[in-house]
Structures are given as structure tokens and as C-alpha cells.
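Below you'll find the structure, written out as C-alpha cells, and then a few comments.
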Number of protein chains: 2
Amino acid sequence: MLKNSEFVSKLRNSGLRPTKQRLKICEVLFNRDKTFHFTINDLAKNIAENFNEKISLATIYNTVHAFKDKGYLKEITISSDKSYFDTNITKHHHFYDEDTNLLIDCNDNEIGKVNIKNNITGKKISSVEVLVRVASDTQNQD
Amino acid sequence: MLKNSEFVSKLRNSGLRPTKQRLKICEVLFNRDKTFHFTINDLAKNIAENFNEKISLATIYNTVHAFKDKGYLKEITISSDKSYFDTNITKHHHFYDEDTNLLIDCNDNEIGKVNIKNNITGKKISSVEVLVRVASDTQNQD
DNA sequence: AATTTATATTATAATCATTCTAAACTGTTG
DNA sequence: CAACAGTTTAGAATGATTATAATATAAATT
Ligand SMILES: [Mn+2]
Ligand SMILES: [Mn+2]
Ligand SMILES: [Zn+2]
Ligand SMILES: [Zn+2]
């Protein structure tokens with residue numbers, strides 16, 4: 001639950017001008033109690049439906065990528081035809097519900113620490129991510 | 001290291017007609033000692049360079065997807081702009097080298113079993129996949 | 001082995017998410 | 001305010017993937 005002036009500083013501090021488009025997108029993404037997952041399409045629809053002033057799709061793409069580059073968003077890749085962004089930038093894992101196409105954050109009480117015994121020589125680990133795909137219990141759902 | 005007649009049976013058994021295009025693709029993908037990772041583009045290039053008869057790109061797409069649907073290939077999604085296929089269809093995890101864009105299989109001596117303590121209620125786990133991104137040790141590589 | 005039927009291949013066009021372009025606009029700085 | 005760099009925008013371009021529909025091939029049937 002951050003407020004406008006905080007977004008202004010946040011953007012300034014990372015070398016991004018606090019334009020009204022970026023502030024609007026900050027509001028949509030970060031002015032919440034809980035983090036969430038979204039696609040570019042979700043975000044564009046959200047903005048189109050909830051605000052009068054429209055933001056061009058190019059700007060939405062630019063902004064989301066800028067925020068990702070600055071570390072304010074993480075990108076979660078599930079399949080070749082769907083890319084999610086995550087406002088939860090802490091290290092965490094995901095369940096992916098194949099029935100609903102929803103991503104769900106894992107807590108530490110759901111997935112234990114991944115034990116990496118040997119890494120590739122000369123390389124540094126930049127992230128470790130677990131994706132648990134889940135689907136309906138029953139075989140023939142109709 | 002399977003041979004032609006084995007591919008014919010394999011295809012017939014899964015309801016796919018053993019056409020010469022599919023057999024050629026089987027040969028490229030499965031007539032090897034070791035499993036490997038490839039993109040559609042890699043495969044198309046490989047076929048174009050190593051064989052006289054060309055296979056249309058549409059057929060390459062169709063065949064790779066058919067093989068995936070039949071469980072002869074797995075798809076590994078690394079980023080929104082790159083999709084790999086894997087001829088290793090056993091459960092396993094991956095290292096992804098961000099410097100070279102290469103995928104490397106993990107053995108059990110590299111990543112311990114992932115401990116899933118709580119699953120989503122009413123759902124069955126269909127897969128558990130770990131992706132470890134690695135990159136060069138040094139900060140300023142040139 | 002010829003005929004029929006179902007399937008597969010192909011060149012090409014269509015789609016669609018994403019990126020590019022370059023002109024207009026805005027935030028910042030002095 | 002003037003000057004400049006950075007940003008937004010509509011629309012065009014791109015490029016990977018999928019659709020189309022005509023042709024070819026494999027399998028099944030006579
Ligand atoms: Mn695919
Ligand atoms: Mn992206
Ligand atoms: Zn998340
Ligand atoms: Zn693999």
C-alpha cells in the first residue's frame with residue numbers, strides 16, 4: 001500500500017521519470033495489500049476498464065519491461081505461449097494450476113529448500129525456481 | 001541408438017503413420033547415444049543442412065508437437081522468447097547457462113529431491129521442475 | 001493390384017504478440 | 001522560460017507459430 005509520492009521517489013531513484021502513465025501503472029501494480037501475478041494483456045485490460053485516460057499498449061510493454069529491469073517485477077515463464085509477471089520479487093516458488101491457468105505462490109511451508117549439491121564449474125547461481133504443475137484430481141472431468 | 005524399423009513400430013503404436021518425414025525427424029532426434037535439447041529452429045536448420053530432401057517447416061512444427069503430445073519429447077520453457085524441446089523424457093531438472101543459452105540436465109547428485117510438503121487441495125501434481133539459472137562468475141566480463 | 005478412405009505434407013497466407021519508428025509531448029534543469 | 005533528454009503514442013514492421021486447402025501418401029478395402 002504505497003502512495004503516489006512514494007512511487008515518485010521510487011521511479012526517480014531508479015532513473016525513471018515519474019510520468020503519469022508510469023504512476024498509474026505503479027498504482028495498479030503496487031498499491032495493494034497482496035502481491036499478484038499478471039500478464040501484459042491482463043494489465044492492459046485492467047487499465048482500460050478502470051481508468052478514463054488510456055495508456056498506449058507500447059507504453060505498457062515499455063513500462064513493464066523497465067520495471068522488470070529495475071527489479072520491481074519478476075517474469076515467470078510457464079509455457080511458450082504465456083508469460084506472467086509477478087509483483088512478488090522475493091525468492092519463491094510456484095504452483096501452476098493447469099485447469100485455471102492460475103499461478104499460486106508457494107510458501108516455505110509448502111516447498112522445502114532445494115538442495116543444489118553441485119553447480120556448473122565457474123558459474124554463479126543467479127536463481128533457483130521450482131514450478132509445480134497441478135491439475136484436477138479426476139481423470140475425466142466434463 | 002534405435003533403428004528405422006523400431007521407429008516405424010514406435011510411430012504405428014502411437015497412431016502416427018510412419019511417413020518418411022517423421023522417420024527422418026526420428027532419426028535426427030532419437031538415433032543418438034545421448035539425449036539433447038533443441039529449438040524448432042535448431043531442428044529445421046539441422047535437417048536443412050544434413051539431408052537432401054527438405055521437410056517443410058509446417059511439418060517440422062506438426063511433428064514436434066505430435067511427438068510432444070505422444071510423450072516422446074518434453075517442452076522446456078526458459079523465457080518468453082525461447083522454447084526448448086528435450087529428448088530426455090525422464091523426470092529431471094535443468095541448469096540454464098545465461099551466457100551461452102544452453103540447457104544442461106541435472107543428475108540426482110546435483111539437485112536433491114524437492115520436498116513438497118503441502119499441495120493445493122483437490123489437485124494432483126503433474127510435474128515438478130527446477131530451473132537453476134547460472135551465469136559467469138565474474139561481474140564485468142568482456 | 002486397383003480403389004477408396006483417412007492422414008499427412010506442403011507452399012503460402014493469416015494471425016497475433018511483441019517490438020520498432022519517428023513524430024509529438026512532457027519532465028527536468030538551469 | 002528555454003533547451004534538452006526522456007517518454008508516449010499510433011501505427012507499421014517483425015517474426016514465430018498456426019491455419020488453409022490443394023496435393024500427395026499410407027492404409028484399408030474391394
Ligand atoms: Mn508449442
Ligand atoms: Mn519480455
Ligand atoms: Zn509469485
Ligand atoms: Zn533435459
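Residue numbering restarts at 1 for every chain, and letters A, B, ... go by the order of the sequence lines. Everything numeric here is computed off the predicted structure, so don't read it as measured data.
- One interatomic measurement links the two molecules: CG of N62(B) to P of dA19(D), which rounds to 9 Å at whole-angstrom precision.
- Between F38(B) and the options V28(B), D86(B), L73(B), a side chain to side chain contact (heavy atoms under 4.5 Å, CB included) holds for only L73(B).
- Between Q21(A) and T63(A), the side chains place no donor N or O within less than 3.5 Å of an acceptor N or O (distance only, hydrogens not considered).
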* If the sugar-phosphate is the primed atoms plus P, OP1 and OP2 and the base is the rest, what is the B/S/- string for nucleotides 25-30 of chain D, using protein heavy atoms under 4.0 Å? -> -BS---
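- An OP1 or OP2 oxygen of dT18(C) is reached within less than 4.0 angstrom by no side-chain nitrogen or oxygen of H65(A).
- Atom CD in E75(B) sits about 13 Å away from atom C1' in dA16(D), given to the nearest Å.
- Between L57(B) and L16(B), it is L16(B) whose nearest contact on DNA chain C lies nearer the 5' terminus.
- Side-chain atoms of N101(B) and D97(B) include no donor-acceptor pair closer than 3.5 Å.
- Atom NZ of K117(A) is surrounded by more than 12 heavy atoms from other residues, nucleotides or ligands within 6.0 Å.
- Looking at residues 37-56 of chain B, you'll see K54(B), I55(B), S56(B) sit with a heavy atom under 4.0 Å from some atom of DNA chain C.
- Each end of the helix from dA1(C)-dT30(D) to dG30(C)-dC1(D) gets its own rotation axis from five pairs of C1' atoms, and the angle between them is 30° to the nearest 10 degrees.
- Between D42(B) and H37(B), the side chains place no donor N or O within less than 3.5 Å of an acceptor N or O (distance only, hydrogens not considered).
- Distances from the side chain of R22(B) to the nucleotides dT17(D), dT10(C), dA8(C) place dA8(C) closest.
- Residue N13(A) contributes atom CG, which lies 13 Å from atom P of dT28(C) at whole-angstrom precision.
- Look at NZ on K82(A): it is 18 Å from P on dT17(D), rounded to the nearest Å.
- One interatomic measurement links the two molecules: CG of D69(B) to P of dT7(C), which rounds to 16 Å at whole-angstrom precision.
- In this entry the distance linking CD1 of I25(B) with P of dA8(C) reads 13 Å, nearest Å.
- If you check the side chains of Y72(B) and S14(B), you find a donor sitting under 3.5 Å from an acceptor.
- Of all non-hydrogen atoms in F36(B) and T87(B), the two that sit nearest each other are N-OG1, 2.8 Å.
- The distance from atom CD of Q21(B) to atom P of dT23(D) is 18 Å, rounded to the nearest whole Å.
- Between D108(A) and K113(A) there is no salt bridge, since no side-chain nitrogen of the basic residue lies less than 4.0 Å from a carboxylate oxygen of the acidic one.
- For Y61(B), taking side-chain heavy atoms from C-beta onward, the closest of the listed nucleotides dT18(C), dT8(D), dA16(D) is dA16(D).
- Salt-bridge formation is not detected for the pair K91(B)/E129(B): no Lys NZ or Arg NE/NH1/NH2 atom is positioned less than 4.0 Å from an Asp or Glu carboxylate oxygen.
- In the model, T39(B) has no side-chain atom that pairs as donor or acceptor with a side-chain atom of N41(B) under 3.5 Å.
- A salt bridge is absent between K123(A) and E98(B): the closest approach of a Lys/Arg side-chain nitrogen to an acidic carboxylate oxygen does not fall below 4.0 angstrom.
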